[in-house]
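Here the structure is laid out as structure tokens; the discussion comes afterwards.
Protein chains get the first letters and strands the later ones, always in sequence-line order, with residue 1 at the start of each. Everything numeric in this text was worked out from a predicted model, so none of it was measured. Every heavy atom of this structure was used, including side-chain atoms; hydrogens, water molecules and symmetry mates were not.
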Number of protein chains: 2
Amino acid sequence: MAMNYKNWATQIKKGYLELCVLSLIEQHDKLYGFQLIKLLEELGISMKEGTLYPLMNRMTTDKVLIAKWETKEIKGHPRKFYSLSKSGTKLLQEMKMEYQSMVENYLKIGEGK
Amino acid sequence: MAMNYKNWATQIKKGYLELCVLSLIEQHDKLYGFQLIKLLEELGISMKEGTLYPLMNRMTTDKVLIAKWETKEIKGHPRKFYSLSKSGTKLLQEMKMEYQSMVENYLKIGEGK
DNA sequence: ATATAATACCTTGTAATGCTAGGTATATTG
DNA sequence: CAATATACCTAGCATTACAAGGTATTATAT
């Protein structure tokens with residue numbers, strides 16, 4: 001990315017990261033925050049803690065996600081696991097459709113001409 | 001889109017619209033603002049005037065775009081045509097690569113499991 | 001004549017969010 | 001006992017899509 005406009009990468013991630021997080025939780029049933037960051041990293045998607053944790057709290061407040069602390073069976077810092085609520089599942093389906101449209105619409109730009 | 005989180009559609013468009021605009025200008029060589037909005041609309045992409053014009057001015061100031069007024073040969077309100085600068089062309093290539101990565105990375109989420 | 005609509009551009013202010021840069025706490029390793 | 005890794009959190013900043021307003025020109029309808 002060029003020196004100027006290096007913030008474009010930040011901008012285009014808005015919404016996209018939300019979709020990635022919800023999709024990963026759907027796929028794994030439940031995940032905790034730190035684990036999500038590692039999973040995304042493996043996929044080539046960089047999401048900082050300062051981005052993820054506020055997002056998880058927002059989505060929990062909005063009842064898109066259900067959060068549960070787990071302290072048993074593990075040592076170290078307790079982990080907060082997230083799973084999709086019913087409305088979260090529905091929201092994700094809508095997001096996927098919208099995302100799919102965007103990808104297809106952009107493809108049309110390349111095809112035309 | 002659900003009642004809540006209806007702003008997600010707004011958020012995910014950040015950066016995406018910039019990519020669409022630059023790609024369309026590259027393909028058509030030159031375009032004016034109002035025309036861009038109509039073109040995007042035809043593609044299924046909604047971009048409001050209050051979004052487009054400030055963006056075009058930003059990118060002109062940053063020398064990503066070159067702007068030229070055209071008043072001859074047409075009646076009605078004068079039109080401001082935009083074309084890609086050299087650095088704009090380079091920036092667009094970088095954006096396309098980044099976008100491609102994002103699309104591919106998200107595909108991996110669906111594939112894994 | 002004179003509203004109305006369509007074209008074409010612009011600006012102010014708001015809401016939302018990714019990230020930086022800090023912080024806290026627990027457990028392990030040198 | 002310092003350093004590292006894990007795991008969560010927060011305040012403040014920079015950025016951008018949009019709503020809602022505006023200006024100006026031409027064509028069309030009343």
- request: Round to the nearest Å and state the distance from A:Y53 atom OH to C:dT17 atom P.
  value: 19 Å
- prompt: Are B:Q93 and B:E26 linked by a side-chain donor-acceptor pair shorter than 3.5 Å?
  reply: yes
query: Which nucleotide in the list D:dC8, D:dT15, C:dA16 gets nearest to the side chain of A:N7?
result: D:dT15
field: For atom CZ of A:F34 and atom P of D:dC8, their distance in whole Å
entry: 8 Å
task: Check whether any side-chain nitrogen or oxygen of A:Y32 sits under 4.0 Å from OP1 or OP2 of D:dA7, and answer yes or no.
output: yes
- prompt: Could you state the CE-C1' distance from B:M59 to D:dT16, rounded to the nearest angstrom?
  reply: 12 Å
task: Let me know, please, whether A:P78 or A:T51 comes out on the 5' side of the other along DNA chain C by nearest nucleotide.
output: A:T51
message: Test your reading of the model: is there a side-chain donor-acceptor pair from B:K108 to the backbone of A:L43, 3.5 Å cut-off?
response: yes
- request: Scan A:G76 against the nucleic acid and name what it touches under 4.0 Å (heavy atoms): base, sugar-phosphate only, or nothing.
  value: sugar-phosphate
query: Is there a path from B:L52 to A:W8 through hydrophobic residues (I, L, V, M, F, W, Y) whose side chains come within less than 4.5 Å of each other?
result: yes
message: If you compare all heavy atoms of A:L40 against all heavy atoms of A:C20, which two are closest, and at what distance to 0.1 Å?
response: CD2-CB, 3.9 Å
- prompt: With sugar-phosphate meaning primed atoms plus P, OP1 and OP2, does A:K14 contact a base, only sugar-phosphate, or nothing at under 4.0 Å between heavy atoms?
  reply: base
query: Just wondering, do A:I45 and B:M102 contact through their side chains at under 4.5 Å, heavy atoms?
result: no
query: So, for B:K48 and B:I37, which heavy atoms are closest and what is the spacing to 0.1 Å?
result: C-CD1, 4.5 Å
field: Interatomic distance where CD belongs to B:Q11 and P belongs to D:dA14 [whole Å]
entry: 18 Å
field: Difference in axis direction between the ends of the helix from C:dT2-D:dA29 to C:dG30-D:dC1, five pairs, 10°
entry: 0°
- request: In whole angstrom, give the distance that lies between atom CG of A:L52 and atom P of C:dC19.
  value: 11 Å
query: DNA chain C: B:P54 or B:K38, which has the more 5' nearest nucleotide?
result: B:K38
- request: Select base, sugar-phosphate, or nothing to describe what A:G33 touches, counting heavy atoms under 4.0 Å on all strands.
  value: sugar-phosphate
field: Distance, rounded to the nearest Å, where B:L55 contributes CG and D:dC18 contributes P
entry: 11 Å
statement: Walking DNA chain D from its 5' end, the first of B:S46 and A:K80 to be reached, judged by nearest nucleotide, is A:K80
- prompt: Between the base of C:dC19 and the side chain of A:E49, is there any donor-acceptor pair under 3.5 Å?
  reply: no
- request: Verify whether the ring centers belonging to B:Y106 and A:Y99 lie closer than 6.0 Å.
  value: yes
field: Between D:dA11 (C1') and A:N57 (CG): distance, integer Å
entry: 14 Å
query: Between C:dG18, D:dA7, D:dC18, which one does the side chain of A:R58 approach most closely?
result: C:dG18
Whole-Å distance separating the NZ atom of A:K48 from the C1' atom of C:dG18: 11 Å
